[in-house]
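Both ligands and their constituent atoms are indexed starting at 1 by order of listing.
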Amino acid sequence: MTSHSDELAARFTPDRANGRTRPLATDVPVTVSFEFFPPTDPEMERTLWDTVRRLAPLAPRFVSVTYGADGSTRDRTLDVVRRLRSDTALTIAPHVTSIGSTREELLDLARQYWTSGIRHLVALRGDLPASAQNRTSASASFVWGLDLVRGLRSVADFDISVAAYPEVHPEARSARDDLDNLKRKIDAGATRAITQFFFDNDAYLRFRDDCAAAGIEAPIVPGILPITRFSQIQRFARRCGATIPDWIVKRFEGLDEDVETRRLLGAAVALEQVEHLQRHGVREFHFYTLNRAELTYAICHALGLRYRHIAPT
Ligand code: FAD
């Protein structure tokens, strides 16, 4: 009978040979990026800036700031971007979503970003509001992520990241259609795809192979969501169609009131996940930090990233 820990090892380390786990290729440097969201109250604001201070010395390739699908966070996103620009030396990639804004508003926003020195953007369609009758009425102009990529490229030579879905976007007509959509976004000038979060590494690795077979050469950067509050993650996963394997569900059973144990297990799960991906040649990771530093910092440390002293400006 296999023990639970054997099952876990088999889940994330199918490349074990002769009972020994292959060593990590930690000599190959890893690159990371971090996602933040605009805070809504003073306490969240403090948490965000504590998190930025903690993670910045890990020298991420960029940090991204989310944008409400209906334009609702526009001002708060801009505030965070401004402060990141003034207080840090980080490369910033604001998210831009097309739903809920007109074509001209988005092109204007892109021009403002370019003028203020922003060179990276994450281009997304955004989720349809529940009340949307159809896609066209929900978006006055750019209907799909692809249209937005084309629009942003028409403004300036931005470095554009787009979304990708190892477990297929819930609205896609088929996995093939979804992959073709990603290829069109890359062919239109996006430079990298960041995936929706996932816990099934096999799904990601298959998707990466499918992308390569479809001629997509841009990096498919895995989006890693360290689990802190499991019930929240289950909600997110239901919404975006991410599978949570049974062994992860079992790990978090009965821990609703036990923050400390949840945190330890969350770190362990994310660590196993990134180490397995690293063994499969992944060298770049995007972390959905949920504006919390602890788990992301610990995982990055394990990936070989070290605190770099950054002299105050
Ligand atoms: P698209 O690329 O337009 O694809 C959406 C769906 O439409 C897919 O199913 C695709 O296959 C299908 N499709 C595309 N073109 C066509 C066509 N011509 N005909 C029929 N079907 C088509 N949301 C936010 O609101 N704010 C954020 O800041 C944000 N950040 C994100 C960051 C990342 C890394 C990721 C992965 C997602 C993020 N999201 C965010 C969520 C994202 O907006 C949603 O997943 C959204 O539903 C799809 O956005 P997209 O850019 O992938 O859309």
Residue [X] vicinity, atoms of ligand 1 by number, heavy atom under 4.0 Å:
{"X": "Q196", "result": "36 (C)"}
{"X": "I194", "result": "34 (C), 36 (C)"}
{"X": "A163", "result": "35 (C), 36 (C), 52 (O)"}
{"X": "E171", "result": "9 (O)"}

Does an N or O from [X], backbone or side chain, lie closer than 3.5 Å to an N or O of ligand 1?
{"X": "R184", "result": "no"}
{"X": "E35", "result": "no"}
{"X": "A172", "result": "yes"}
{"X": "H169", "result": "yes"}
{"X": "G126", "result": "yes"}

Q.
With a cutoff of 4.0 Å, is N181 in contact with ligand 1, counting heavy atoms of the residue only?
A. yes

**Q.** Contact with ligand 1 for Y165, non-hydrogen, under 4.0 angstrom
**A.**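 The answer is yes: ligand 1 sits under 4.0 Å from a heavy atom of Y165.
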
Please classify the [X] to ligand 1 contact at 4.0 Å (heavy-atom distances, strictly less than): side chain, backbone, both or neither.
{"X": "R125", "result": "both"}
{"X": "D127", "result": "both"}
{"X": "H286", "result": "neither"}

Salt-bridge criterion met for [X] and [Y] (N-O under 4.0 Å):
{"X": "D209", "Y": "R206", "result": "no"}
{"X": "R83", "Y": "D87", "result": "yes"}
{"X": "R176", "Y": "D180", "result": "yes"}
{"X": "E105", "Y": "R103", "result": "no"}

Q: With side chain to side chain donor-acceptor pair (under 3.5 Å) as the test, would you mind laying out the steps for H169 and D178 before giving the verdict?
A: CA-CA 7 Å; H169 186 273; D178 216 23; 5.3 Å; no

Q) Mind checking whether F158 and W114 have parallel, tilted or perpendicular rings, split at 30° and 60°? A) perpendicular

Do we see a donor-acceptor contact under 3.5 Å between the side chains of [X] and [Y]?
{"X": "D159", "Y": "T191", "value": "yes"}
{"X": "T66", "Y": "E35", "value": "no"}
{"X": "R192", "Y": "S161", "value": "yes"}

Q. For atom 39 (N) of ligand 1, which of T66, D178, L182, L124 has the closest heavy atom?
A. L124

Q | Heavy-atom nearest neighbour of atom 19 (N) of ligand 1 within options W144, Y67, F37, Y288 | A |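 Selected option, by shortest heavy-atom distance: W144.
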
Q | ring pair (Phe, Tyr, Trp, His ring centres under 6.0 Å) partner of F252, the single match among W247, F230, F199 | A | F230

